[in-house]
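Working notes, beginning with the structure itself.
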Amino acid sequence: MANATDRLNRPLGVLRLSLTARCNLACPYCLPDGVEPPGLLTATQRLQVVAAAVALGAHSLRLTGGEPLLHSGLEELIAAVQPLRAQSKEGPGLRQIALTSNGTLLSAKRARALRAAGLDRITLSLDGTTGAAVAGMAGLADASAGERTLAAVLAAIEHARAAGFDPAVGALKLNAVVQRGRNHDQLLPLAALCRERGLELRLIEYMDVGNRNGWSRAAVLSAAEMVEQLGAIWPLEPLGRDNHGTASRWSYRDGRGSIAVVASVSQPFCGDCNRLRVTADGIAYTCLFASPDSGTDLRPWLKTDSDPIELEQALAGLWKHRNDRYSEERQQGARGDRNHAEMAYLGG
Ligand code: SAM
Ligand code: SF4
């Protein structure tokens, strides 16, 4: 089937597939459900969804959640999608399989298993460099719980590196959400940590996803402010934003790597957004800020006797009608609604 293009002429390029809505942390800016939605997709159904998205032009698969390492079928799925890889540089098919994880469950063994299954990239998330800061941002009881989580994530970085996820080629990165009034004092320590460990730090503006996090614009530390603060210590050179990318990148002028900022609130990038999101229970969403009831249930096309072409046609129809540009509308003051599907359910 031909590559799908939406009403704003944006191609389908990335499938973000959530494997679980559950998480072993409870970051206050995300606040996941404690339970799975009913009717989780089976391994076969997940593979069907990936295959259909690839047939419509998706070249990148990001596995997420909730916390995807809670899902015992993760490695099996990564291995199962390998035949969908592109056979040539420009040809159709998957070119990248990535994982976003909080890292707390990433043992050395699991990192090796993920690599052996065929995972290309890992992005780990960490919002502070002290026990107290990590506890505050991960919803943990106290600083000593935060210290244990911090130690686990730092170990996970090294497990991933040792398993072959090389940060020098972008195969290992660190995500951090920085909130004004909460962990803005962690910006420089996080950057220092990533410089020491040779990782790109991806700084994400606090976003108004979900309905539970009490988001306010006042708590958003803008990407420009983050870049300014970092640049005052370590001068930066702009590298720009890749087509269809979420992050604007900057290199350190002293040659010690790069940072990236995801400015979804202050500098929306809806204009070339190419991401389709599918939840663990098979609901497709075409925007991170979608309302819960606006998703399309793919399960009617995922029955044992379903013809794969029907799922492709359903997804193609959904993508063809897509005209979401929530962040741009918010920027223009046109959107004040707070009826958003939750982040951990959507898969971020
Ligand atoms: N549990 C995994 C993790 O934390 O990496 C994967 C799922 S999580 C929803 C994916 C990413 O979304 C994480 O890097 C997290 O920090 C980010 N995130 C969650 N809620 C956010 C919010 N309100 N604003 C900005 N980023 C958010
Ligand atoms: Fe869990 Fe990730 Fe949400 Fe934090 S951001 S609660 S680690 S899903």
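We count ligands from 1, going down the list as the structure has it; atoms in each ligand are counted the same way.
When Asn24, Asn102, Thr20 are each tested for a side-chain hydrogen bond (donor to acceptor under 3.5 Å, both in side chains) with Glu67, only one passes: Asn102.
Between Trp234 and Arg256, every side-chain heavy-atom pair lies at or beyond the 4.5 Å cut-off. The side-chain heavy atoms of Leu99 and Leu74, taken from C-beta on, include a pair separated by under 4.5 Å. Annotation: side chain of Leu201 is not in contact with side chain of Met226 (no heavy-atom distance under 4.5 Å). Annotation: side chain of Tyr345 is in contact with side chain of Tyr285 (closest heavy-atom distance under 4.5 Å).
Linking Ile, Leu, Val, Met, Phe, Trp and Tyr whenever their side-chain heavy atoms come within less than 4.5 Å puts Phe269 and Tyr206 in one cluster.
Using a 4.0 Å cut-off between charged nitrogen and carboxylate oxygen, Asp33 and Arg212 count as a salt-bridge pair.
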List, for ligand 1, each N/O atom that has a protein N/O partner under 3.5 Å away, with both atom names and the distance.
from	atom 1	to	atom 2	distance (Å)
ligand 1	1 (N)	Gly66	O	3.0
ligand 1	1 (N)	Glu67	OE1	3.2
ligand 1	5 (O)	Ser101	O	3.4
ligand 1	5 (O)	Ser125	OG	2.6
ligand 1	14 (O)	Ser125	OG	2.8
ligand 1	14 (O)	Asn175	ND2	3.0
ligand 1	16 (O)	Tyr29	OH	3.3
ligand 1	23 (N)	Tyr29	O	2.9
ligand 1	23 (N)	Met207	O	3.1
ligand 1	24 (N)	Met207	N	2.9

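If you check the side chains of Tyr326 and Asp208, you find a donor sitting under 3.5 Å from an acceptor.
Closer than 2.8 Å to atom 3 (Fe) of ligand 2 sit the protein N, O or S atoms Cys30 SG.
Judged by distance alone, the side chain of Arg299 and the main-chain N or O of Asp281 form a donor-acceptor pair under 3.5 Å.
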